[in-house]
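Note that the structure is predicted; figures quoted are calculated from it, not measured.
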Amino acid sequence: MADSRPPLGESAPLVPPLYQSSVYTLPDLDALDRIMDGAAPGFIYARDSHPNARHLADELTKLQGAAWSVVCGSGMAAISAILLSTVDQGDRVIASNRLYGRTTQLLHQELSRYGVSVSFVDAGDLEQVRVALATPSRLLFVETMSNPMLRLVDIEALAVLAHEHNCRLVVDNTFATPVLTRPLELGADLVMESLTKMIGGHSDVTLGSVSGRDLELLPRFNQIVSIWGLASNPFDAWLAGRGLSTLGLRMRAASANAAALADWLARQSAIVRVIYPGHRDHPDHSLAGRILQGGFGNMLCFELHDGRLGVNRFLRHAPGIPFSPSLGHTMTTCSHPSSTSHRYASPAEKKRQGISEGLVRLSVGVEYVEVIQREMAKGLT
């Protein structure tokens, strides 16, 4: 059958095309062999790779200052790809004791089923990390800014400690994005992003990525993503590529809004406390000024009087700030960590981290800050 696609001639699309195909045709067995053996470019089956994922990975590689990147079906899929690619039965992982709830569940509940032990430490306490690394470990897993309390870690110092003990440093950079921090340039070995959040930017994709410095790891990651079914779909990858093109503009605008909003919230009588790295009373304010470049991020938390009752009152009276348990949208949204991201943490663990029933996490968008303040004020009176 003749190819009925219109010829492009000397023209080319300005926007990368969407390749909504699960499989590709080949002229003969020799072509298949060349692609399978890596001797020629091309695609065969979308679970292994597809043009939209490849394009997005190439753009992320440049943005992260990496040697390679792979795109996965979600942020948790990206973390799973890291663990499956680098950890074996009998190995040990050290992890921050301030992580996203599902990440903690994966490390604490699931890895033990495969004979991998995990030790949780305060990654902000370098001496505690040093002691933990005295026992051989394969990975040290941290977040640039913790979810939800926005505690930062000294990536450079952790990289030095990890490498002194032949351990890889892995950084979840979702809250900062490569606009504010590029962990690989600070010494990290692997960096993952939930592209679902700020990088996608429009709450219409579910994707994650892993970027690294060591090219020898790439074949293993590609194999794991395919075998374990962690791959992305073309449409989400295409949408995330669109979001990536405006990431810098959106992140700078949202960060400026968050800084202004944090100052405004601190003056409201209904607020018990405001948690924002840009404030001098934040325990990691100085570190944030060194680690983050061009702003303190678009995330902040505030605590309301009357606990859960106060949160419900805020949600019902300020519908213009949607209760939406994710982050990174162009619109300002809020979440309740105790009921969502850390729902399955014990009361003692929530208390340790400072996650109270009155705590609200705010993902600040790119609206006019006056509009955000006006909507929020409805729930604070």
Side-chain angles (χ1 to χ4, degrees), residues 75 100 143-152 172-181 193-204 243-244 246-268 270-282 284-285 288-289 291-304 311 314-315 317-337 340-341 355 358-380:
Y100 169 56
E143 293 174 346
T144 305
M145 285 193 284
S146 70
N147 182 359
M149 302 304 289
L150 305 174
R151 296 299 305 270
L152 283 89
D172 179 340
N173 196 47
T174 299
F175 272 27
T177 79
V179 173
L180 299 184
T181 306
E193 308 270 0
S194 176
L195 306 180
T196 309
K197 310 303 193 301
M198 196 69 185
I199 290 179
H202 297 79
S203 299
D204 53 10
L244 193 64
T246 61
L247 173 62
L249 293 171
R250 289 184 287 104
M251 193 63 182
R252 284 189 286 273
S255 295
N257 278 352
L261 200 60
D263 291 344
W264 178 80
L265 285 168
R267 299 191 297 269
Q268 307 307 305
I271 303 294
V272 177
R273 59 173 175 155
V274 176
I275 301 165
Y276 184 63
H279 279 181
R280 293 187 181 278
D281 63 355
H282 189 281
D284 302 319
H285 175 69
I291 295 293
L292 305 177
Q293 305 295 317
F296 292 96
N298 74 309
M299 302 300 298
L300 63 87
C301 290
F302 60 92
E303 186 173 358
L304 292 165
V311 173
F314 173 80
L315 297 177
H317 287 84
I321 308 295
F323 173 35
S324 179
S326 188
L327 59 106
H329 193 64
T330 54
M331 175 189 294
T332 299
T333 62
C334 69
S335 186
H336 185 242
T340 59
S341 64
I355 301 173
L359 188 74
V360 176
R361 191 193 71 187
L362 206 65
S363 170
V364 183
V366 299
E367 312 99 316
Y368 288 115
V369 71
E370 296 83 6
V371 173
I372 306 172
Q373 291 171 351
R374 184 170 62 247
E375 290 301 314
M376 293 197 67
K378 297 175 184 177
L380 299 176

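The shortest non-hydrogen separation linking Pro325 to Ser335 is CA-OG, 3.5 Å. Of all heavy-atom pairs spanning Thr177 and Glu193, the tightest one is CA-OE1, 3.9 Å. Closest heavy-atom contact between Phe296 and Leu180: C-CD1, 4.2 Å. Closest approach of Cys301 to Leu359, counting heavy atoms only: CB-CD1, 3.9 Å. Of all heavy-atom pairs between Ile355 and Pro148, the closest is CD1-CD, 3.8 Å. Nearest heavy atoms, Ala318 versus Gly379: CB-N, 3.8 Å.
A side chain to side chain contact (heavy atoms under 4.5 Å, CB included) with Pro277 is found for exactly one of Met145, Arg151, His285, namely Met145. Results of the side chain to side chain contact (heavy atoms under 4.5 Å, CB included) test with Val364 over Thr332, Leu327, Val369 single out Thr332 as the only residue that passes.
Contact annotation: the side chain of Thr174 never approaches that of Glu143 to less than 4.5 Å [non-hydrogen atoms, C-beta and beyond]. Inter-residue side-chain proximity for Met376 and Leu261 is flagged as met; some heavy-atom pair is nearer than 4.5 Å. Annotation: side chain of Leu304 is in contact with side chain of Ile271 (closest heavy-atom distance under 4.5 Å). With a 4.5 Å cut-off on side-chain heavy atoms, Cys334 and Leu315 count as touching. Contact check for Pro178 versus Ile199: side-chain heavy atoms found under the 4.5 Å cut-off. Using a 4.5 Å heavy-atom cutoff, the side chains of Tyr100 and Ser194 are not in contact. Inter-residue side-chain proximity for Arg273 and Asp281 is flagged as unmet; no heavy-atom pair is nearer than 4.5 Å. With a 4.5 Å cut-off on side-chain heavy atoms, Leu265 and Leu380 count as touching.
Arg361 places a side-chain N or O within 3.5 Å of a backbone atom of Ser326 that can act as its donor or acceptor partner. Checking side-chain atoms of His282 against main-chain N and O of Leu150 turns up a donor-acceptor pair under 3.5 Å.
The distance from the OG1 atom of Thr144 to the CG atom of Leu292 is 8.0 Å, given to the nearest 0.5 Å. Going from atom CD1 of Ile321 over to atom CE of Met331 covers 8.5 Å, rounded to the nearest 0.5 Å. From Trp264, atom CH2 reaches atom CD of Gln373 across 5.5 Å, with rounding to the nearest 0.5 Å. In this structure, His329 NE2 and Met198 CE are separated by 11.0 Å, a value rounded to the nearest 0.5 Å.
Side-chain atoms of Asn298 and Arg250 include no donor-acceptor pair closer than 3.5 Å.
Not counting sequence neighbours, the partners of His279 by the ring-ring contact (aromatic ring centres under 6.0 Å, His included) test are Tyr276.
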